[in-house]
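Side chains included, hydrogens not; waters and symmetry mates left out as well; all remaining heavy atoms used. Chain A is the first sequence line, chain B the second, and so forth, proteins listed ahead of strands; every chain is numbered from 1.
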Amino acid sequence: MMYLKLAWRNIWRNRRRTLITAASVFFAVSLAVLMRSLQHGAYDNMIRNAAGMYLGYVQVHHNGYWNDKSLNNTFTPDEALLKTLDIDPRVSTVVPRLESFALASSGNQTKTALVIGADPSKEASFTQLNKRITQGTYFSAGEDAALLGDELAKNLKLKVGDTLVLLGQGYHGYTAAGKYVIKGLIHFGSPDLNREVVYLPLQTAQLFYTIGNRLTSITLNLFKPKEAEIVARSLSQKLDKKYWEVMDWKQMMPQLEQLIQLDSSGGLVIIGILYLVIAFGVFGTILMMLAERQHEMGILTAIGMKPYKMGWMIFTELVLMVLLGVLAGIIASIPLVTYFKYHPIRITGQAAEAYEHFGLEPIFPFSTNPDIFISQGIVVLIICVMLSFYAWYKILRIDAVESMRM
Amino acid sequence: MIVIETKNVTKVYEGVVPVTAVDGVSIQIEEGEFTAIVGPSGSGKTTLLNLIGGLDHPTTGEVWIGGKNISHLSKNELIDFRLHHIGFVFQAYNLIPVLSAKENVEFIMLLQKRSKSERISRAKELLKMVGLETRMNNRPGELSGGQQQRVAVARALASKPQFVLADEPTANLDSNSTAQLLDMMHDLNKKEKMTFLFSTHDQRVIDRAERVIMLEDGKVVGSELNG
């Protein structure tokens, strides 16, 4: 306890230097936390947009479906599968889907359409499809009704209440044909989806494709999206790999994962430079501490203090000094990060259009993930520990007589 | 009983021109002596004290403390030896500035891993003995030079050493403080049988010493008993 008291008092021997050192750490940690929070918040938003809005964090398919998206690779959801998914406490929603392509027609206009058979209530609770209605109303289970992307409706010159004709190939080569009342128009962030999407109630789509109760995928929403990889892996182990493939969003969207990794690496380089500057500052403090206390350390050695104890004392002083900056930096950044989590930065103009073009909301919410705060603190403390090796090196070689002459 | 014995000790500082700071010194100090090593600047007083205090290794010869040859002890062994057997008083007091007088005295006992209660009671006892019972909680910066040196003496005694080495302890003190310090050390010498060995060229200290060893150019050129 006395060593700690001594270390604490020692750091205030040169109050100004301690405050300058702690302040430099404070700014580095605050900036690093803000930057990483912004980055991680933006990534979470991108993932939420891409996975949470449609694709899901985890999908279960018939083995081989992802590489050959054919109706022949569909499956009948058996009890055992549904039970396995339902009882998993990490899964919040289980959404069955049937997806394929067809020709959408009206009068003499024909366009390619992505037909999605969806359970109206589950889809509403997961992707909030009902909130994307721009005209008309949401559909309900078993209706011969369709929801159309607003661009597709415009291209086909259709409006709410008109009839849409779908023509395509069903299960095992059957001809799929049907006409559906347009119940509503929907709008997505992604122009591609707006141009081609047609939603049918799941049973209606199954009838259209003459496919019984078969599905192309079961999409899972999770309570903690960050657990997607773990959930996918554990489900893979539980389900028979011969029949099922379980994929997380990273496997389904490797480009997004790569984009995040690339951007994150860039951020880490900037933070690395920031910390390098701070490391030099702390190193300067170490050099000054050693130089101005050389005589004192000689005296302490003379009266019987072992150099390793002095090393611990200097190390404790450094840690206390850096900890002051780290804690202040973290405490100061918490209100800012929390504010921007709930009031995200919203970009406008062409940049916003570019984001919307890719189906992403043009906002930058901050992340309040505790890992961001903890990791910055740990990084700075690791830097401090590494720099203290120099202090140890110098102190362990101290010569009492030489030092007392200083 | 002989507490300190040097046997033909020589210390040569290597360099472009090697300097012999101590040249073949052989002395014996008995328990309870109050001895001053005197000589002009550069005569080798501090070097001899450093060798006796185990702060430096002799180039040739041996240093025996309490019947133990310390000349070949390693750096860490010497630190332990100093902690448990030798008390140091330096010219510039050299107290730890951020600790109070009591904590400075306690600190050396902390290094010896003594219990907290023992540390506190002995620190108080020693500070009372050197007349600073009312200034125990003051930091060195709040004490006069004489008071700081008295704390330094209390610190030197805290480890219950075999003897106290004092390197020009009165060099920075005024006449009054010097007299008080010498009275106090003399009392300790008489009452506690504590052995004191000074290096000094202060005539006031020389006059109070019971024995004076004269050093010149690193060699003992005389030894006489006072009064």
Side-chain angles (χ1 to χ4, degrees), chain A residues 1-19 285 288-321 324 392-406, chain B residues 11 13 21 46-47 49-51 53-57 74-100 102-114 116 119-120 123 139-141 152 155-159 161 164-165 167:
Chain A
M1 196 62 195
M2 196 165 178
Y3 288 115
L4 191 64
K5 192 197 280 184
L6 182 59
W8 177 252
R9 288 183 189 172
N10 274 335
I11 67 171
W12 297 111
R13 280 163 79 165
N14 195 329
R15 189 178 295 265
R16 188 180 297 174
R17 189 182 59 211
T18 297
L19 289 175
T285 302
M288 281 189 280
M289 278 166 79
L290 292 175
E292 72 185 16
R293 283 163 67 186
Q294 185 83 17
H295 179 80
E296 182 182 312
M297 287 194 269
I299 297 292
L300 290 173
T301 313
I303 65 172
M305 188 173 189
K306 290 246 176 81
Y308 82 87
K309 284 187 178 170
M310 269 185 281
W312 275 117
M313 193 174 72
I314 295 286
F315 175 70
T316 310
E317 287 173 30
L318 274 174
V319 168
L320 286 174
M321 211 183 292
L324 275 178
W392 280 100
Y393 172 76
K394 294 299 279 185
I395 291 168
L396 290 175
R397 292 162 65 93
I398 212 158
D399 179 273
V401 176
E402 283 290 320
S403 298
M404 284 194 291
R405 283 200 192 114
M406 301 276 183
Chain B
K11 179 68 185 177
Y13 290 108
T46 300
T47 304
L49 239 59
N50 287 343
L51 293 170
L55 293 169
D56 215 348
H57 285 99
S74 69
K75 189 177 159 184
N76 270 332
E77 286 170 334
L78 277 174
I79 291 173
D80 265 340
F81 189 83
R82 289 197 296 267
L83 176 63
H84 294 284
H85 298 91
I86 307 171
F88 287 91
V89 177
F90 303 98
Q91 182 178 328
Y93 333 129
N94 292 316
L95 300 172
I96 301 170
V98 294
L99 298 182
S100 68
K102 182 163 72 72
E103 288 166 339
N104 261 288
V105 179
E106 262 189 75
F107 187 72
I108 201 141
M109 292 183 275
L110 179 77
L111 295 175
Q112 290 179 315
K113 297 186 176 126
R114 299 226 211 134
K116 190 175 181 182
R119 290 196 321 251
I120 292 172
R139 291 194 186 180
R155 178 179 71 178
L157 296 172
S159 61
V164 172
L165 284 181
D167 187 11

Between A/D399 and B/K75, does any side-chain N to carboxylate O distance fall below 4.0 Å?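 So A/D399 does not pair with B/K75 through a salt bridge.
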Distance-minimising heavy-atom pair for B/D80 and A/K306: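 That would be OD2-NZ, 3.0 Å.
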Can you see which heavy atom on B/P97 is nearest to which on A/R13, and at what distance?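 Reported closest heavy-atom pair: CG-NH2, 3.4 Å.
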Side chain / backbone / both / neither for [X] at chain A, heavy atoms under 4.5 Å:
X      : value
B/N50  : side chain
B/F81  : neither
B/L111 : both
B/Q112 : neither
B/L78  : neither

Tell me, for A/A302 versus chain B, whether the close heavy atoms (under 4.5 Å) come from the side chain, the backbone, both or neither.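 A/A302 touches chain B through backbone and side-chain heavy atoms alike.
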Using heavy-atom distances under 4.5 Å, tell me whether A/I11 contacts chain B through its side chain, its backbone, both, or neither.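 A/I11 has no heavy atom closer than 4.5 Å to chain B.
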Decide side-chain contact (heavy atoms from CB on, under 4.5 Å) for B/N94 and A/M404; before the verdict, give the C-alpha distance in whole Å, the side-chain angles of both, and the deciding distance to 0.1 Å. CA-CA 10 Å; B/N94 292 316; A/M404 284 194 291; 5.8 Å; no
Determine whether more than 12 heavy atoms belonging to other residues, nucleotides or ligands lie under 6.0 Å from atom NZ of A/K309.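 Atom NZ in A/K309 is crowded, with more than 12 foreign heavy atoms closer than 6.0 Å.
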Step through the shown structure and confirm whether more than 12 heavy atoms of other residues, nucleotides or ligands are within 6.0 Å of CH2 on A/W312.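 Counting neighbours around CH2 of A/W312, 12 or fewer heavy atoms of other residues, nucleotides or ligands fall under 6.0 Å, so no.
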Flag side-chain contact, heavy atom, 4.5 Å: [X] against [Y]:
X      : Y      : value
A/R9   : B/R139 : yes
B/S159 : A/I303 : no
A/W12  : B/V98  : no

Find the one option among B/K116, B/R82, B/H84 whose heavy-atom pairs under 4.5 Å with chain A are most numerous.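 Heavy-atom pair counts peak at B/R82.
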Top contributor to chain B interface from A/L300, A/I299, A/L6 [non-hydrogen pairs under 4.5 Å]: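 Between A/L300, A/I299, A/L6, the count favours A/I299.
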About how many Å separate CD1 of B/I79 and OH of A/Y308, when rounded to the nearest 0.5 Å?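 A/Y308 atom OH to B/I79 atom CD1 measures 10.5 Å (nearest 0.5 Å).
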Criterion side-chain contact (heavy atoms from CB on, under 4.5 Å) on B/L83 and A/M305, from CA distance to verdict: CA-CA 8 Å; B/L83 176 63; A/M305 188 173 189; over 6 Å; no
